[in-house]
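Take a look at the structure set out below.
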Amino acid sequence: ADELMKTMSASPGSTAAYWSHELYRGPRGEKISVYYGRSLKTSENVAQFFLGKPLLGFDMEWRPNATKSSGTKANVSLIQLACEDRIGLFHLALHRGDSVEDIMPPTLRKILESQDVAKVGVAILADYTRLQKHLGIQPSGLIELSHLHNLVMYSGSRPEMVTRKMVSLANQVQSHLQLPLYKGTVRTSDWGKELNHQQVVYAANDVYAGFRLYHVLESKRLAMNPVPPQPDFAERG
DNA sequence: TGATGTGATTGTTGAAACCG
DNA sequence: CGGTTTCAACAATCACATCA
């Protein structure tokens, strides 16, 4: 816990705080729960917590330098989901077996492929491509936060800057959630082995940041006059 | 008719930025 | 680093109107 507070409360030599999901509370004031699925069975149970939610944060981790041929678990090591009060970490790389049925929880698959569940994140199309290529699944209902960011930042003043150009998650968190997002070496660590505390916190932060970011961006969009239309889904049909 | 120009659409290629 | 996406620049293509 000391280690956690250290990484999340201040950068070396300063008192500045970092953005964290632990700064938030659920609808009844409770802390955000983080569920870590290490087996297919547990992950399937965790995925069921997210059934029926209309909008989820979505993110993925994979092994840095993973090449096309380094295998499914190296290319899709961890999948994360977030709703208001829960974060789910699905560690596919730890699930026993190598076939898609062995490592992909059916409910998670259903959620990802459902058009009725919006999934929000940054660089979400690249995640889509990875899931399609390495697991043969067809996600839909994907919302790219960079599009929404560009829309609320520029549609009033510089419409020509409303593009699909990528804006990093860290920059968006800084702009809309006030605090910097911790950037360390965790990001490029080995996501194939059982996660340490730092990795759990990082993975949870990333996906929850996307969820919170969406709501801030969306309320900014709705406050505009005139209200610009929502961007298209990222997967384009 | 046949040749030529215009405008819109489609395709390719490379740089820059993002992801892990 | 390897893999992806996006945009701009440029080329190629096509429909079709115009002109000698």
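The chains referred to below are lettered A, B, ... by the order of the sequence lines, with proteins before strands, and numbering in each begins at 1. Basis for what follows: all heavy atoms, side chains included, without hydrogens, waters or symmetry-related copies.
At the heavy-atom level, A:Ser189 lies nowhere under 4.0 Å from the strands shown. Nucleic acid contact for A:Asp190: none, since no nucleic acid atom lies under 4.0 Å from a heavy atom of the residue. Using a 4.0 Å heavy-atom distance criterion, A:Asp59 is classed as a sugar-phosphate-only contact. Using a 4.0 Å heavy-atom criterion, one finds that A:Tyr128 contacts no nucleic acid atom at all.
Per the geometry, CD1 belonging to A:Ile79 stands 14 Å off P belonging to B:dG20, to the nearest Å. Following rounding to the nearest Å, A:Trp62 (CH2) and C:dC1 (P) show an atom-to-atom distance of 17 Å. To the nearest angstrom, C1' of B:dC18 lies 14 Å from CE of A:Met60. Distance A:Met161 CE to C:dA8 P: 11 Å, rounded to the nearest Å. Distance CZ (A:Arg63) to P (C:dG2): 13 Å, rounded to an integer number of Å. The distance from atom CD1 of A:Ile124 to atom C1' of B:dG20 is 15 Å, rounded to the nearest whole Å. Between A:Trp191 atom CH2 and C:dC1 atom C1' there is a gap of 18 Å when expressed in whole angstrom units. At whole-Å resolution of the value, CD in A:Gln80 and P in B:dC19 are 13 Å apart.
Nearest to the side chain of A:Leu125, among C:dT6, B:dC19, C:dG2, sits C:dT6. The side chain of A:Thr163 has C:dC7 as its nearest neighbour among C:dT5, C:dC7, B:dC19. Relative to the side chain of A:Lys68, the nucleotides C:dG3, B:dG20, B:dC19 differ in distance, and C:dG3 lies closest. For A:Thr129, the side-chain atoms get nearest to C:dT5 when compared with the rest of B:dG20, C:dG2, C:dT5. Across C:dT6, B:dC18, C:dG3, the shortest atom-to-atom separation from the side chain of A:Asn171 is found for B:dC18. Considering only the side chain of A:Thr188, B:dG20 comes nearest among C:dT6, B:dC19, B:dG20.
Within 3.5 Å, a donor on the side chain of A:Arg187 pairs with an acceptor on the base of B:dG20, or the reverse.
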**Request:** Please lay out, stage by stage, how A:Glu194 and A:Arg38 fare under the test salt bridge (Lys or Arg N to Asp or Glu O under 4.0 Å).
**Result:** CA-CA 8 Å; A:Glu194 169 122 11; A:Arg38 301 168 180 77; 2.7 Å; yes
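In A:Gln115, the CD atom is not crowded: 12 or fewer heavy atoms of neighbouring residues, nucleotides or ligands sit closer than 6.0 Å.
Using the six-membered ring where Trp is involved, A:His176 and A:His149 have ring planes that are perpendicular, over 60° apart on the 30 and 60° scheme. The aromatic rings of A:Trp19 and A:Tyr24 sit tilted, their planes meeting at an angle between 30° and 60°. A perpendicular orientation is assigned to the rings of A:Tyr18 and A:Tyr182, their planes being inclined by more than 60° (bins at 30° and 60°).
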